[in-house]
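Report on the following structure.
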Amino acid sequence: MSIMMNIADLLLRPAAFFPGRLEGDKPDLKIPLAIVLLSGIVGAVSAAYMSSVTMAMLPSDIAGLGSIIVGIAVVSAFIATIIFWVIIAAVFHGISALRGGKGDFQRTLAVAGYGTLPMVFGSIISGIIVYFSLSGATIRAVSDPLQASAAVTELMSGPSMMIAGVISLLFVLWSANIWVFGMQEARNLSGKDALISVGIPVLIYCLLIFLPYIG
Amino acid sequence: MKYRYKIPVFCILLLLCIVPATAADSSTMVEGLLGVTDVVIDPGEFMYGDSGTVKVTVTNTGTTPVAIARAKLYSSELDVEGDENYGSVGSIGPGNSLQFTFTITADAADGIYYPLFYLDLRDASSLRYRVPVKVENSGLSLSVTDRPDAFTSGKKEDVTIMVGNPRENTVNGVVITPLTNGYETTETSHFIGTLAPDQAAEATFSVTPYSETPMEFTVHYRNGMNDHEITTAVPVTFGIDRKQAETVLNNIKVTSEGDHYIITGDVTNAGLEDAKSVVVTTGSPATPVDPYRSYVIGALEPDDFASFEATFSVEPGTEEITLVTSYKDKDGNRYSDQLGIPLISVAFPDNSRPVASDELPLVWIVVVIICTAVVAGVIYYSWKKK
């Protein structure tokens, strides 16, 4: 019950959640790490499905390497989630330092980890959308690598994939909201500075996600 | 004196006895010096109803002319014409010959007949000579010496006809003519010409049948000046030529690429004859597309094989296409084989629903709206509760 309450506070009342959980310079990272690992698992599952779909486009002689490539994609997605956690925390920490933020990096790392939880939900919903979209569509094999690349681009630029991107963006905003409250607590920032510290990298991240659709 | 008168009288009487005897010996000698020296019968052997000529040459081997009243050819079995031309012949000088030509018509059964040549001389003597005329009604022999095991409608095949002459005389103007009843031939006729006794000649016709009607070939020939013909028929039954080329497709693979399919495989000639101009393409419901609408392999010898590659597109939901292999034989006749190829094992390029569907399901839009509302509500709530 307590865990559920804590999760509800994290998601709905982050201003009330963080005080008391970032005590000292070295806060406990087990829960943030668990959240990030959970995000990594979800990301790995999505990567496994997407890579299997991509393999279906490749010629049969290359498709024999499918299991290896899927394995690489799963491991890469999992590791990338952890690296993303560290990087986004570092970016938050750096920008907040420019805004006069005080506090250990581990505190920022904990905030970044906690804030990843809405993105887990977003990844699940996006994955469901992608799954149903591609299961109802046709996957055709392509022998030419250039055509394979074009097919992947086509795959990623479809309306359903754009919907999945919008869903992800919405939950990134939810995460950003948590990060803002968390950075205020972790780096002793004002609301404006925390918003700037979180908003800039989130804005860049959103642009990176949607540039392919805009372009 | 008495013996003086008896001696002349005796001489006169002796002379009178000698003169008639001398006159009688002179008639026999003339007849004996006139003889038949040559007989030419054309044709050498008559067929029933044939007309021909009998030429009798008479030569005077004596030293005095011989007067001839008339010449006739008598026959109770054969019709003889032309003897009225010799009602008053005249005389034949010493060392000279006269030829008497009679026309006869062989309206008689097979056999040897002996018309009588009769030469009536003015001195009340005559010359008789039997002329043997042979009547044999058997015609030329006609046979088919080569033909395909089975005919195929529209396929050109060779048929060889042999004409033999079992008669004792030479026939002329031998021509084999196809009647083209239900078939076509490259040759309109084949001229053989003279055919000596017990000789044979062959003629090969390139025939293209279109129906199972027996092919008829007629041989026209002349026996002397008489036209004759004989016809033979070659039965036509359509079937499969056991030697013809046979294309076999295997190692077939179908892969999709872009908005079309690529079908590859091997085609082998499992027949006994060359398959020429072999072309592989796709048939309905597939639509051939570039770059390989049709794949031209060329000639395939027996037991030889070649690879092919063809490209095509199909409507969504197509489960099977037709692979068409066509080839020609040495005469240019085109044959075609079709093979159904299932597409079940191949990913379908569903043009109406490409990889990433162009459709935007309403449910996703609803999900976005709900998520937007939730996130906005959560953010609003979190700031309100701050």
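Just so it is clear: chains get the letters A, B, ... in the order the sequence lines come, proteins before strands, and each one is counted from 1.
The environment of A:Ile31 atom CD1 is sparse: at most 12 non-hydrogen atoms of other residues, nucleotides or ligands sit within 6.0 angstrom. Annotation for B:Glu301: atom CD does not count as buried by contact number, only 12 or fewer foreign heavy atoms lying within 6.0 Å. No more than 12 heavy atoms of other residues, nucleotides or ligands lie within 6.0 Å of CZ in B:Phe305, so this atom counts as exposed by the packing criterion. Under a cut-off of 6.0 angstrom, the local environment of CZ in B:Phe205 is crowded, with over 12 non-hydrogen atoms contributed by other residues, nucleotides or ligands.
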Output, in order, the C-alpha distance, side-chain angles, deciding distance and verdict of side chain to side chain contact (heavy atoms under 4.5 Å, CB included) for B:Val368 and A:Ile167.
-> CA-CA 6 Å; B:Val368 169; A:Ile167 297 291; 3.7 Å; yes

From CA spacing to verdict: side chain to side chain contact (heavy atoms under 4.5 Å, CB included), B:Trp383, A:Asn177 = CA-CA 9 Å; B:Trp383 285 92; A:Asn177 184 61; 2.6 Å; yes

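Interface residue A:Ile125: only side-chain heavy atoms are found under 4.5 Å from chain B. When heavy atoms are compared at a cutoff of 4.5 Å, B:Val374 approaches chain A solely by way of its side chain, counted from C-beta outward.
Here CZ of A:Phe17 is found 13.5 Å from OG of B:Ser382. Values are rounded to the nearest 0.5 Å. Note that CD1 of B:Ile369 and CG of A:Leu170 are 11.0 Å apart. Values are rounded to the nearest 0.5 Å. Residue A:Trp174 holds its CH2 atom at 9.0 Å from SG of B:Cys371, rounded to the nearest 0.5 Å.
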